[in-house]
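These numbers were taken from a predicted model, which means no experiment stands behind them.
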Amino acid sequence: MECRSLMIAVFALLLVPHSVLARKPCNFPAVFNFGDSNSDTGGLSAVFGQAPPPNGMSYFHGPAGRYCDGRLVIDFIAESLGLPYLSAYLNALGANFSHGANFATAGSTVRPQNRTLQQSGFSPISLDVQYNEFYDFRRRSQTVRNRLGGFFKPLLPKETSFGRALYTFDIGQNDLTSGYFANMTVEQVRDYIPQVLNQFSTIVKWVHSQGGRFFWIHNTGPVGCLPYVLDRMPVSPSDYDQYGCAIPFNDLAQTFNHGLKDAVVKLRAALPNATLTYVDIYSLKYDLVSQHKKHGFEFPLRTCCGHGGKYNFNVKLGCAGKKRMNGKDVLIGKACKKPEVYVNWDGVHYTQAANNWIFNQIKTGAYSDPPIPLEMACYRA
């Protein structure tokens, strides 16, 4: 770990009240996750077709429902809590929900979409739909577990798990980019951010009404540093920062994050028996780009898996993309040989190595408000 990161972690530890540190770890029996492709472990693949190889190459050695060469931050969260990886709620094959479920779906937004996936590129499984899935899962899992038992019982969570579980949220990036790609101006996207945050707060309250008490909420990353935004949304030369990121899009992400943090503060007041932790993913992801060499990465903006152009990214022929040549499908969107030195996997998502680095910072509480470690996230500061 770099000296700077170590100093931040030590400082954060000093900020954690002794009353919290003196307690035992929370021992969450389950994790229920809501989000987009940054934490999707197979939702979109189960509905619209498997994320093809080379996705999964670095860890699963084949497609595993993730848009990444390996594990996501949510996978590392599960590992650290001593839990198996989360099965996607929409994946009926080989799913084990005894330790939680993942409702995240690639392309999802907080606000419901009014266009199809084919029209917009964004999932119809918005956060309200994910909540409906959770609501139904909570009720039906207990009906099946109690009435049918047998084979089903060990694959479903206990009733007590819902009140003791960690509820994780990682969503919001697509609410910003869907506006850009619909030809909205930055100002127009900024204007609807309050609607997005109101919807988000409503969903958290609904989850709370179903017994959720411990919430771990990620803010959104620097979308202005993502190749699929940089390639498709050109800005004037003066609007790039010294690291090659688009300032207007990053500023808007920060506007969203400031609003999200305020929303979390209000939720704490509205839900006094709940514990809500706000996690600053933005700072970490931006640090990976701006200080990539310090953290062992060689390529901050160029994608590992893709084809052509400044960023090795082509929206029409991305990672795993093929061309028909001489009567055969030829793989054009190939993966790099060393994903571990790339920050970005496919122009949109981060590599396993980047996800691992991010997780190692957030687990300490160094980037959380309040600064409480992940394993202690059931306690208030």
Side-chain angles (χ1 to χ4, degrees), residues 34-40 44 48 67 104-131 169-203 217-241 243-263 281-282 285-286 289 301 303 309-311 313-316 318 344 346-350:
F34 302 82
D36 53 31
S37 57
N38 290 308
S39 61
D40 181 3
L44 193 77
F48 294 103
Y67 292 90
T105 309
S108 289
T109 53
V110 175
R111 295 199 313 170
Q113 290 292 306
N114 57 11
R115 295 190 296 167
T116 67
L117 178 69
Q118 289 72 24
Q119 291 172 325
S120 67
F122 295 94
S123 171
I125 306 173
S126 50
L127 189 57
D128 60 326
V129 177
Q130 293 181 29
Y131 168 76
F169 288 80
D170 192 336
I171 194 167
Q173 174 177 305
N174 293 325
D175 287 276
L176 303 181
T177 56
S178 63
Y180 305 149
F181 299 151
N183 295 320
M184 289 186 178
T185 65
V186 168
E187 290 71 24
Q188 288 173 320
V189 176
R190 182 180 288 110
D191 286 344
Y192 70 62
I193 286 178
Q195 299 173 31
V196 175
L197 296 174
N198 286 338
Q199 176 77 348
F200 178 85
S201 296
T202 296
I203 301 300
I217 300 169
H218 291 182
N219 68 10
T220 199
V223 295
C225 299
L226 296 176
Y228 90 124
V229 172
L230 291 168
D231 182 76
R232 297 174 64 184
M233 302 295 296
V235 297
S236 64
S238 61
D239 281 334
Y240 289 98
D241 67 17
Y243 307 111
C245 299
I247 295 171
F249 302 125
N250 279 350
D251 285 349
L252 195 59
Q254 287 288 54
T255 297
F256 176 89
N257 290 337
H258 291 317
L260 179 62
K261 191 171 185 178
D262 289 342
I281 295 294
Y282 180 99
K285 288 185 173 179
Y286 189 75
V289 172
L301 299 179
T303 71
K310 178 180 179 180
Y311 305 106
F313 176 83
N314 184 331
V315 68
K316 295 182 179 179
N344 198 285
D346 59 3
V348 183
H349 312 102
Y350 288 70

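Scanning all heavy atoms of the two residues, the minimum distance from Tyr282 to Gly221 falls at CD1-C, 3.5 Å. Residues Thr185 and Gln188 come closest through the heavy atom pair N-OE1, 2.8 Å. Minimum interatomic distance between Gly172 and Asp36 (heavy atoms only, all atoms of both residues): N-OD2, 3.9 Å. For the pair Val223 and Ala253, the tightest heavy-atom approach, listed with the atom from each and the gap, is CG2-CB, 4.4 Å. Scanning all heavy atoms of the two residues, the minimum distance from Ile193 to Leu252 falls at CD1-CD1, 3.9 Å. The shortest heavy-atom contact between Val129 and Pro124 is CG2-O, 3.8 Å.
With contacts defined as side-chain heavy-atom distances shorter than 4.5 Å, the pair Phe249/Met233 qualifies. At least one side-chain heavy atom of Cys225 sits less than 4.5 Å from a side-chain heavy atom of Asn250. Here the side chains of Gln173 and Asn38 are in contact, with some heavy-atom distance below 4.5 Å. Contact of the Gln130 side chain with the Leu127 side chain is registered, since non-hydrogen atoms from C-beta on lie closer than 4.5 Å. Counting heavy atoms from C-beta outward, Ser178 and Gln113 have side chains that approach closer than 4.5 Å. With a 4.5 Å cut-off on side-chain heavy atoms, Thr109 and Ile171 do not count as touching. Side-chain contact between Val289 and Leu301 is present, with at least one heavy-atom pair separated by less than 4.5 Å. Looking at heavy atoms from C-beta onward, Tyr286 lies in side-chain contact with Asp241 at the 4.5 angstrom threshold.
For Thr220, there are no side chain to side chain donor-acceptor pair (under 3.5 Å) partners two or more places apart in sequence or in a different chain. Evaluation of the ring-ring contact (aromatic ring centres under 6.0 Å, His included) rule for Phe256 yields no partner, not counting sequence neighbours.
Of the inter-residue distances, the one linking Asp175 atom CG with Gln195 atom CD reads 10.5 Å to the nearest 0.5 angstrom. Rounding to the nearest 0.5 angstrom, the gap separating the CZ atom in Phe34 from the CG atom in Asp128 is 11.5 Å. Cys245 SG to Leu226 CG: the interatomic distance, rounded to the nearest 0.5 Å, is 8.5 Å. In this structure, Asn174 CG and Ser123 OG are separated by 9.0 Å, a value rounded to the nearest 0.5 Å.
Cation-pi check for Arg232 over Tyr180 is not met; the charged atom does not lie both under 6.0 angstrom from the ring centroid and within 45 degrees of its normal.
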Is there a side chain to side chain contact (heavy atoms under 4.5 Å, CB included) between Val348 and Val229 once you walk through the steps? CA-CA 8 Å; Val348 183; Val229 172; over 6 Å; no
Leu260 vs Ile217, test: side chain to side chain contact (heavy atoms under 4.5 Å, CB included). Steps then yes/no. CA-CA 9 Å; Leu260 179 62; Ile217 300 169; 4.2 Å; yes
Evaluation steps, side chain to side chain contact (heavy atoms under 4.5 Å, CB included), between Ser108 and Ser126: CA-CA 5 Å; Ser108 289; Ser126 50; 5.8 Å; no
Might you work through the side chain to side chain contact (heavy atoms under 4.5 Å, CB included) test for Thr177 and Phe122, ending with a clear yes or no? CA-CA 10 Å; Thr177 56; Phe122 295 94; 3.6 Å; yes
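The only member of Tyr311, Tyr67, Phe181 that meets ring pair (Phe, Tyr, Trp, His ring centres under 6.0 Å) when paired with Tyr228 is Phe181.
For the 3.5 Å distance criterion, the side chains of Asn198 and Ser201 fail to qualify, holding no donor opposite an acceptor.
Between the Ser37 side chain and the Asp40 main chain, no donor and acceptor come within less than 3.5 Å of each other. When atom types are taken as modelled, the side chain of Asn219 and the backbone of Ile281 share a donor-acceptor pair closer than 3.5 angstrom.
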